[in-house]
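One-based numbering, in listed order, for ligands and for the atoms of each.
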Amino acid sequence: MYTPPPGTHDALRLHLNENTAGCSPAALAAIRSISREDTAYYPDYAPVTRATARWLGVPEDWVLLTNGLDEGLHLVAQAGALGSHGHVLFPEPAFEMYAACAEASGLGVVRVQPGPDFAYPLEALLGAVSAETRVIYLTDPNNPTGLPIPRGAIEQLATAAPDALVLVDEAYADFSGRTAVGSLLDRRRNLVVGRTFAKSFGLAALRAGALVAHPDTLARARRIQPPFSLNICAVRALEAALDDRPYLEWYVAQSAESRALIYAFAGRHGLTHWPSEANFVLVRVGPDAPDLVRVMAERGILIRDRSGAPGCAGCVRITAGPVEHTRRCLDVLEECLATSAR
Ligand SMILES: *Cc1c(COP(=O)(O)O)cnc(C)c1O
């Protein structure tokens with residue numbers, strides 16, 4: 001698992017796709033208004049679940065709030081494991097948690113490699129589905145590439161593996177504007193959508209995510225989840241953040257502008273990059289990617305070396321958030337590229 005470089009607390013954090021502008025001020029005000037009794041009593045999740053369901057456009061019993069999406073990923077692996085052996089299947093390059101979830105649930109891991117230039121390996125995925133497949137993790141748009149899952153692929157996989165749970169990780173759906181939440185979830189009852197309020201909403205430190213699926217599909221995950229997974233600060237902050245749509249829209253717009261700046265920068269320097277539907281861009285800087293990331297960190301800018309991930313040789317991932325932060329990053333990157341021996 002990734003450990004950020006030590007002693008860089010004051011650095012500009014463009015390595016974990018956090019909202020570097022912070023959360024909505026309304027979320028912080030909500031936390032400040034928490035009473036002594038609020039902290040003493042086990043939280044009531046009904047109001048925040050209602051607000052989240054309204055925001056997602058689904059009935060309340062289709063939503064299970066989780067302690068960050070990471071908990072949701074674990075719950076799906078545990079719910080899918082059925083106490084029997086089997087495996088978790090996912091396409092590479094993938095979010096690191098999926099393999100950890102498989103291990104925690106006693107499941108094996110089947111990884112499908114990407115095609116050239118991250119061509120989506122749909123045929124290989126379909127070919128890898130078997131009676132042993134318990135869970136399939138899909139990420140739309142993907143991390144670290146920012147690329148979408150091709151149209152129709154989610155439903156094809158859900159149809160091909162009717163006895164597996166298919167988790168569509170939509171951590172970045174607020175940026176892509178695309179979601180599987182809707183009629184597809186009703187049509188394919190083995191589908192579960194995962195959402196997080198960590199990235200776009202800037203609530204990463206509070207831990208708030210959600211699983212969305214037909215109530216029958218969610219039943220098992222609901223049964224095995226600890227009853228009070230979200231703390232009261234996360235609950236109150238999430239309610240307030242969901243109410244502050246203009247703040248979210250501001251950040252999403254900043255991210256789009258930042259991505260355009262990064263594309264233009266990469267284009268000027270002849271660096272391969274991929275059009276991203278999330279708040280980050282994958283850029284191929286070349287074989288000295290690890291050195292570049294280290295030198296950038298020394299200059300107070302954290303970006304993520306992804307050169308070890310399948311298909312990502314020579315690549316770094318740069319969070320694209322507030323334009324001001326992107327400009328600072330690109331100014332330093334410009335200098336680092338100029339002085340490096342390429
Ligand atoms: C950040 C991220 C998550 C985890 O979200 P949390 O709510 O912070 O646990 C899950 N999936 C992907 C693809 C992510 O990038």
*Tell me which part of N143 gets within contact of ligand 1: side chain, backbone, both or neither, using heavy atoms under 4.0 Å.*
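Just the side chain.
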*Taking heavy atoms and a distance under 4.0 Å, where does L69 meet ligand 1: side chain, backbone, both or neither?*
both
*Is it true that F228 and Y41 have ring centroids separated by less than 6.0 Å?*
no
*Compute the centroid of each ring, for Y172 and then for F280, and state whether the two points are separated by less than 6.0 Å.*
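Centroid separation for Y172 and F280: below 6.0 Å.
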For [X], take its heavy atoms, then give the atoms of ligand 1 lying under 4.0 Å from any of them.
X	answer
T196	5 (O), 6 (P), 7 (O)
D169	10 (C), 11 (N), 12 (C), 13 (C)
T139	13 (C)
A198	7 (O), 8 (O)
G68	7 (O), 9 (O)

Does even one non-hydrogen atom of [X] get within less than 4.0 Å of ligand 1?
X	value
R207	yes
N17	no
Y172	yes

*Which residue and non-hydrogen atom of the protein lie closest to atom 14 (C) of ligand 1, and at what distance in Å?*
K199 NZ, 3.1 Å
*Say whether T179 and E170, considering side chains only, have a donor N or O and an acceptor N or O under 3.5 Å apart.*
yes
_Within this structure, what is the CG-CG distance for the pair L65 and L230, rounded to the nearest 0.5 Å?_
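These two atoms lie 5.5 Å from each other.
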_Is there a polar contact, in the sense of an N or O pair closer than 3.5 Å, between D70 and ligand 1?_
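D70 vs ligand 1: N/O contact under 3.5 Å present.
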*Check the hydrophobic clustering (I, L, V, M, F, W, Y; side-chain heavy atoms under 4.5 Å; chains of links allowed) and say if V281 and M296 are grouped together.*
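Cluster IDs for V281 and M296 match.
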*Show your reasoning for whether salt bridge (Lys or Arg N to Asp or Glu O under 4.0 Å) applies to R294 and D305.*
CA-CA 9 Å; R294 196 176 35 74; D305 172 23; over 6 Å; no
*Answer yes or no: is there a donor N or O on one side and an acceptor on the other, between the side chain of S255 and the main chain of A320, under 3.5 Å?*
yes
*Begin from the C-alpha positions of T139 and D169 and carry the test side-chain hydrogen bond (donor to acceptor under 3.5 Å, both in side chains) through to its verdict.*
CA-CA 5 Å; T139 322; D169 182 331; 4.9 Å; no
